[in-house]
Visitor: 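The structure follows.
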Amino acid sequence: MATSTFVPHSVRRMPDPLFADAQRYVFMMRADEVPRDLPLDPNPRAQKIDRRVYRDVYDSLMNEGCTQNTFHLKNQGLTLLASDVKKIRSHPDAFRISFTKGQGIVDGGHSYQIILRGQESGEMPADQYVKLEVLVGVPDDMNLEIAEGLNTGMQVQPMSLAHLAKQFDGIRRALSGRPYESLIGYRENEPDTKYDARDIVAYMAVLNVELFPNDGEKYPVNAYRHKAGVLHLFLADTPAFEKQYEMLPEILALADTISYEARDLHNEAGGRAGRLSFVDQRKRGEYEFPFIERSSQYRLTAGALFPMLGAFRWMVQRRDDGTFGWKGSFEDTLALWRESGAELMRATQLTSEELGRKATSIGKQENHWRTLHSIVIRRQLVGSDSS
């Protein structure tokens, strides 16, 4: 018999209305205190958490792109079958859960693996909670029925509904014929895709001068912090994004160029990129940059990339026909990136150090977005004056 110890924030016990010996315990626990030894015997599916939908769950657990510390409100949590639940006398807030063979997590195995991954990262927020329901005394011959009933399909995501409504057709047309076209998915769980429509919309949002004017006080922080919100913005105001369709391939190329070149620009200016928490390094293989057809061992984290990309909103202007285009040319924007990249990296390094070198926090700081935007403005105006 296996046992695990729960130390919950709160607990509620409910008798089963049909089976006299069955009870349901609902535990609300800190995610970083969920036991690492819970058995998975009754779960009917292997846990594969590298699909996009599960990466989104992990982002939510780590407070990426969502309202902070709300994982317990959006995740169904874990459901377990157990033989017994007892309070521990020496620790009045703790419970010992006992499992016989065939018992354990019957639903929520993917969430459990995601929580374990978050614990291993050492960066899981302390105030993140998750619900664990423990069913005790349920007849053994019902285990399979319970597993089949709980492990039903996931709710259709808004992105998939938008795909069915053909609301991404403009993006599809703008990227039609590009070598990376097949790498972009427009509905949940599309196989062999590297990006989905939300990624593309987020890149567009940070350079949208109608939603975020260069002379305004609004910065597209949510493009990094809350991608679901950016998708909602796209669906609510698609015409504002349609004005960017012609320049969309270049927007994606700029994003990849910044992520690909940032470390080298920093090093060439005397910086030490090896110590930067916001530069990812792959030990085996290389990161792909499909929008510029390059690869490298290094790339910027998303938290560093988005404010840097957003700084070049200054280089976007409204054209006579109402659509958006670059000031001068796209080559002028790339040249400005290479002139200002080292300074943008230094500013990002300072923000990173102020935030305790937490790479995920950089993109959430509006002041950092403002600082990088100001650097690009100054660099471009000085260059214009000198010419």
Side-chain angles (χ1 to χ4, degrees), residues 203-209 212-216 219-221 223-224 244 247-280 287 289 291-319 324-354 359 362-363 365-387:
Y203 283 146
M204 295 173 72
V206 301
L207 293 173
N208 193 297
V209 294
F212 305 96
N214 277 303
D215 58 356
Y219 291 85
V221 181
Y224 165 70
Q244 297 176 281
M247 63 186 305
L248 179 54
E250 293 171 342
I251 290 175
L252 302 182
L254 179 60
D256 262 8
T257 298
I258 291 173
S259 188
Y260 176 77
E261 295 182 352
R263 178 181 182 274
D264 288 341
L265 291 174
H266 181 74
N267 281 352
E268 290 166 7
R272 302 177 67 179
R275 295 188 175 184
L276 299 180
S277 64
F278 54 89
V279 174
D280 288 331
Y287 296 109
F289 298 87
F291 305 132
I292 56 175
E293 297 185 83
R294 299 289 183 87
S295 62
S296 172
Q297 282 185 283
Y298 303 94
R299 70 177 182 186
L300 289 180
T301 64
L305 171 61
F306 272 79
M308 222 171 281
L309 176 64
F312 290 88
R313 195 170 71 259
W314 176 250
M315 293 299 290
V316 178
Q317 63 183 357
R318 190 186 302 272
R319 301 188 297 198
F324 300 148
W326 305 103
K327 292 178 181 176
S329 67
F330 181 54
E331 287 69 28
D332 293 331
T333 299
L334 289 177
L336 182 59
W337 151 245
R338 287 159 185 153
E339 292 169 9
S340 59
E343 186 176 359
L344 295 173
M345 286 289 284
R346 285 196 299 273
T348 302
Q349 184 176 13
L350 288 174
T351 299
S352 173
E353 291 171 354
E354 290 171 359
I362 298 171
Q365 303 299 313
E366 186 168 300
N367 283 338
H368 179 64
W369 287 72
R370 183 179 295 108
T371 296
L372 300 195
H373 191 236
S374 298
I375 290 172
V376 169
I377 293 173
R378 174 173 50 78
R379 286 270 183 170
Q380 193 269 336
L381 292 177
V382 169
S384 299
D385 292 341
S386 62
S387 61

Visitor: Output all residues satisfying side-chain contact (heavy atoms from CB on, under 4.5 Å) with Glu354, sequence neighbours left out; order by chain, then residue number.
Guide: none
Visitor: Looking at residues at least two apart in the chain, or sitting in another chain, which of them share a side-chain hydrogen bond (donor to acceptor under 3.5 Å, both in side chains) with Asn367?
Guide: Arg370
Visitor: Name all residues meeting the salt bridge (charged side-chain N to carboxylate O under 4.0 Å, His left out) criterion together with Arg346; count only those two or more places apart in sequence or in a different chain, and write none if there are none.
Guide: none
Visitor: Can you name the ring-ring contact (aromatic ring centres under 6.0 Å, His included) partners of Tyr260, sequence neighbours left out?
Guide: Phe289
Visitor: Is there any salt bridge (charged side-chain N to carboxylate O under 4.0 Å, His left out) pair reaching into residues 291-313, and which pairs are they, with sequence neighbours excluded?
Guide: Asp280-Arg299
Visitor: With sequence neighbours excluded, tell me which residues meet side-chain hydrogen bond (donor to acceptor under 3.5 Å, both in side chains) with Ser296.
Guide: none
Visitor: Using the side-chain hydrogen bond (donor to acceptor under 3.5 Å, both in side chains) criterion, which residues pair with Tyr224? Sequence neighbours excluded.
Guide: Glu64
Visitor: With Phe212, which residues qualify under ring-ring contact (aromatic ring centres under 6.0 Å, His included), at least two apart?
Guide: none
Visitor: Please list, chain by chain and in numerical order, all residues satisfying ring-ring contact (aromatic ring centres under 6.0 Å, His included) with Trp326, sequence neighbours excluded.
Guide: Phe330
Visitor: Checking Leu350 now: which residues fulfil side-chain contact (heavy atoms from CB on, under 4.5 Å) with it, not counting sequence neighbours?
Guide: Glu353
Visitor: Partners of Gln365 by side-chain contact (heavy atoms from CB on, under 4.5 Å), sequence neighbours excluded?
Guide: Leu355, His368
Visitor: Please enumerate all residues that pass ring-ring contact (aromatic ring centres under 6.0 Å, His included) together with Phe278, with sequence neighbours excluded.
Guide: none
